Participant: 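Would you mind keeping the following structure in view while I ask a few things?
Being a predicted model, the structure only gives us computed values, none of them experimental. Lettering of chains follows the sequences in order, A, B, ..., and the numbering in each one begins at 1. Only this structure's heavy atoms are used, side chains among them; waters, hydrogens and symmetry mates stay out.
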2 protein chains.
Amino acid sequence: MTREPILLAHALSTFDQRWSPRIVTQVNDYDVRVAKVEGEHVWHAHDDTDEFFLVLDGELTIALREQEGERSVVLSTGAVFVVPRGTEHKPSSKDGASIMLFEPTGTSTVGDRHEDVPDHVDATTGHALEP
Amino acid sequence: MTREPILLAHALSTFDQRWSPRIVTQVNDYDVRVAKVEGEHVWHAHDDTDEFFLVLDGELTIALREQEGERSVVLSTGAVFVVPRGTEHKPSSKDGASIMLFEPTGTSTVGDRHEDVPDHVDATTGHALEP
């Protein structure tokens, strides 16, 4: 539990790895994670949970495979978006972005179904923030 | 469910009322809310849930009554803090702030136990965002 406020900018300054979320704090059984992203993630889906994105800096694209077909949404700085449970999606950021995520503790970055995971994507349930 | 990204700045531009959160989107059975705050809220506690605060603009003070005694934390822009369930707390902002909250859908702004609620504080489980 967070006993003192944490500046998200400070949390982001403690690591450089892309696509490798750090857990900033927890709210009940949810994680608040921050991540630096650049390039392409992989197509994946979380079968049992929605996933919340807030762009803190930069621009994030999320490709979505919906019943109606495939589309992309573009999130600029200060934008939020929720990917519904079960929806295949692929985040990407050509020029890099910093993001905040809400999702249940234990949620994998590559979901329950995913493409092959390349080396630049960290398949993880989130890492502790370095003090 | 959010079908398009929402700019938090846009969401905040749709209302002026202080201490009256708007529900921007939902993540499973949680709300993402934004609020404008200024002056003092009331001492209250949520017995069954933690409460997450992110300051989007301005400065927010949260007074806390903990087992060790009373203290305050000060959140500047970009800071996050979680008030643990059961902890009496009173948010305030002398010069005003915009905040984002993450808490279970149905959570009351004045919690399960609270002081008398003055007119300037909206006792609500959050309002829908105007389109």
Participant: Show, in sequence, the C-alpha distance, side-chain angles and deciding distance for B/Asp50 and A/Gln26, and conclude whether the side chain to side chain contact (heavy atoms under 4.5 Å, CB included) test is met.
Facilitator: CA-CA 9 Å; B/Asp50 303 336; A/Gln26 293 183 308; over 6 Å; no
Participant: I'd like to know which of A/Val74, A/Ile62, A/Thr49, A/Leu75 tops the heavy-atom pair count under 4.5 Å against chain B.
Facilitator: A/Thr49
Participant: Could you tell me which portion of B/Val32 (side chain, backbone, both or neither) has an atom closer than 4.5 angstrom to a non-hydrogen atom of chain A?
Facilitator: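 For B/Val32, the side chain is the part near chain A, not the backbone.
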Participant: Measuring heavy-atom distances to chain A, does B/Tyr30 have an atom under 4.5 Å in its side chain, in its backbone, in both, or in neither?
Facilitator: side chain
Participant: Check whether any side-chain heavy atom of A/Ile6 sits under 4.5 Å from a side-chain heavy atom of B/Phe81, and report yes or no.
Facilitator: no
Participant: Anything in residues 93-115 of chain A with a heavy-atom distance to chain B below 4.5 Å? Please list those residues in order.
Facilitator: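 The list, in residue order, reads A/Met100, A/Phe102, A/Pro104.
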Participant: With a 4.5 Å cut-off on heavy-atom pairs, point out which of B/Ala79, B/Ala9, B/Ala11 contacts chain A the most.
Facilitator: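 Going by pairs under 4.5 Å, I would pick B/Ala79.
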Participant: Is any residue of residues 39-47 of chain B within less than 4.5 Å of chain A by heavy atoms, and which ones?
Facilitator: none
Participant: More than 12 heavy atoms of other residues, nucleotides or ligands under 6.0 Å from CD of B/Glu68: is that the case?
Facilitator: yes
Participant: Shared ILVMFWY cluster between B/Phe53 and A/Ile23, side chains joined below 4.5 angstrom?
Facilitator: no
Participant: Just wondering, do B/Leu54 and A/Leu8 contact through their side chains at under 4.5 Å, heavy atoms?
Facilitator: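 A side-chain contact under 4.5 Å exists here.
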Participant: Minimum heavy-atom separation for A/Arg71 and B/Arg3, please, with both atom names.
Facilitator: NH2-O, 2.7 Å
Participant: Is there a side-chain contact between A/Ser76 and B/Leu7 (heavy atoms, below 4.5 Å)?
Facilitator: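 Of all side-chain heavy-atom pairs linking B/Leu7 with A/Ser76, at least one is under 4.5 Å.
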Participant: A quick test of your reading: do over 12 heavy atoms of other residues, nucleotides or ligands sit less than 6.0 Å from CD of B/Glu70?
Facilitator: yes
Participant: For B/His10, I'd like to know if atom NE2 has over 12 heavy atoms of other residues, nucleotides or ligands within 6.0 Å.
Facilitator: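 Atom NE2 in B/His10 is not packed in, count stays at 12 or less.
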Participant: Do the side chains of B/Asn28 and A/Arg85 get nearer than 4.5 Å, heavy atoms only?
Facilitator: yes
